[in-house]
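Reviewing the structure listed below.
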Amino acid sequence: MNARERFMAVMAFEPYDRTTIWEMGYWAGAVRRWFREGLPERIGVSPDLGDGTGAGGGYHGITERQPDRPAVNDVTEYFGFDPPIERVPLNNFFDPPFPEEVVRELEDYVLWREPTGVIRLDRKDRLSLPEYVGWPVDSRDDWERLKAERLHPTLAGRLPNDWPALVAAYKKRDFILALGPGLHGFYGTPRHLLGQQRVLTMFYDDPELVHDIIDYLADFWVNIYDQALSQVNVDIAYVWEDMCYKNGPLISPAMFREFMLPAYKKLTACFRDHGIKVIVVDTDGNSWKLLPLFVEGGVTGMMPFECAAGMDVREVREAFPRLQIFGGIDKLKLIEGKAAIDAELDSKVPTMLKLGGYVPHIDHAVPMEVSWENFKHYRERLTAM
């Protein structure tokens, strides 16, 4: 089986030769540590990435085939992982993007605007994560302006110049092709537009605006995806939400049902109409209360099932026998040592693989506290299972 055939068989709960061999990703500081402790360095980690920044390299860092963005990094190459998912290079957000520009430069920090309109504060030494301090939407007028100027439901300007050649190549592919994760979702995108705190209050203070944002995005995405998917078929659609924390979702199930569920049904119906059978939501934290609603909304798979938030993939499989599951292996066990790693793998992986629909990997990016010896032991044991 090639990588695509294998992945689709796993997702369909059909017989396969082995499960897909992937890892989710790693903090840049972890990979730099592994270079010091024995991992051969060929590609390396960009010096622009702070230690607390994701270094990519897992399948989850979905790539495009570009000469300056290799499809593997040193970890992927060392362990011989399956090829990463590749995404359709479709801009499904602002067009034109905001100009990337420095708003203000301080002694130790730089305040700048991203192409998505968010204003962020970065340490010049990149020793900490950025702080987000400004957002594209402060008022109804801002939102109306964005719709009129940057969210036109047309493919014009949203695809690369070599699109016809890509369409021809995709028809012969043996790799997995995806939409997203640029598709941010119906909580993730309003949060991006309004800000992390304000989006939560706006569900109460201005529900009409939140409804309009979500409803417009659903129609906008369905429009552009109908056009793109009439030209190319894809294997998987990603929706990025990150709408849960350790103890549960950031909004109630009742709010999800009112604001988000109709949009999910509309979007996933579009995907199904175009033959997409794997529709995966990425949300951290404890998503137990939302899982039934995601499934009702047409979602077929979830990730990454953070163990520290109470997400046990064995329990999820029992509750949702046909849910496609990615992740669920406790990254903190990799810090503890080989005995803890073995116990974690032995308690979950054989059962989950037997039941099907499962791609095992760490429940989030591997942290810097994990030694190369421990990660190597974990990865070699998991691959052999």
Side-chain angles (χ1 to χ4, degrees), residues 1-4 6-7 17-87 125-129 173-176 178 181 303-304 326-346 349 353 359-385:
M1 305 178 93
N2 62 34
R4 184 186 180 200
R6 178 178 299 114
F7 175 76
D17 55 350
R18 61 167 173 80
T19 192
T20 300
I21 300 175
W22 278 334
E23 196 48 74
M24 183 166 181
Y26 334 93
W27 293 116
V31 180
R32 290 189 178 109
R33 172 180 177 171
W34 298 341
F35 288 145
R36 296 191 299 269
E37 295 177 354
L39 171 63
E41 182 175 0
R42 186 178 70 85
I43 299 171
V45 175
S46 169
D48 294 333
L49 295 178
D51 282 350
T53 305
Y59 78 95
H60 190 53
I62 297 174
T63 63
E64 298 171 16
R65 288 197 169 182
Q66 299 175 358
D68 60 341
R69 294 183 63 189
V72 298
N73 74 353
D74 294 302
V75 182
T76 301
E77 188 173 73
Y78 182 89
F79 291 108
F81 291 162
D82 286 324
I85 293 172
E86 298 183 17
R87 77 175 186 90
D125 57 17
R126 301 295 181 94
L127 290 179
S128 63
L129 293 173
R173 72 183 184 273
D174 59 2
F175 54 87
I176 302 142
M303 65 180 302
F326 299 72
I329 297 176
D330 191 349
K331 59 186 172 295
L332 300 181
K333 299 300 181 183
L334 275 64
I335 300 173
E336 296 180 23
K338 295 178 181 178
I341 293 169
D342 291 345
E344 174 73 2
L345 295 178
D346 291 341
V349 176
L353 291 180
V359 176
H361 58 69
I362 291 298
D363 61 352
H364 209 280
V366 182
M368 291 173 278
E369 293 83 358
V370 176
S371 70
W372 172 240
E373 181 180 3
N374 283 357
F375 184 78
K376 185 171 180 289
H377 175 80
Y378 147 75
R379 196 56 254 188
E380 290 175 346
R381 279 248 21 227
L382 177 57
T383 298
M385 297 184 87

Side-chain donor-acceptor pairs of residues 332-342 under 3.5 Å, sequence neighbours excluded:
residue : atom : partner : partner atom : Å
K338    : NZ   : E373    : OE2          : 3.0
D342    : OD1  : H377    : NE2          : 2.8
D342    : OD1  : R381    : NH1          : 3.0

Hey, what do you get for CH2 (W27) to CE (M368), rounding to the nearest 0.5 Å? 8.0 Å

So how far is it from D346 CG to E344 CD, rounded to the nearest 0.5 Å? 10.0 Å

Of all heavy-atom pairs between R32 and P47, which one has the smallest distance, and what is that distance? NH2-CA, 4.0 Å

Which atom names give the shortest non-hydrogen contact between A30 and P367, and what distance separates them? CB-O, 3.6 Å

Just so I know, are the side chains of [X] and [Y] near enough to count as touching, which here means a heavy-atom distance under 4.5 Å?
{"X": "L39", "Y": "V75", "result": "yes"}
{"X": "L382", "Y": "P360", "result": "yes"}
{"X": "F326", "Y": "M24", "result": "no"}

Set of residues satisfying side-chain contact (heavy atoms from CB on, under 4.5 Å) with respect to R6, sequence neighbours excluded: M1, D17, R18, T20, D82

Can you list everything that forms a side-chain hydrogen bond (donor to acceptor under 3.5 Å, both in side chains) with N374? Sequence neighbours excluded, please. none

With sequence neighbours left out, write down each residue that passes salt bridge (Lys or Arg N to Asp or Glu O under 4.0 Å) with D363, or none if nothing qualifies. K331

For F375, what residues pass the ring-ring contact (aromatic ring centres under 6.0 Å, His included) criterion, not counting sequence neighbours? Y26, W34, F79, Y378

Give the ring-plane orientation class for W372 versus Y78, where under 30° counts as parallel, over 60° as perpendicular and anything between as tilted. perpendicular

Taking the side chain from D74 and the backbone from E41, do they hold a donor-acceptor pair closer than 3.5 Å? no

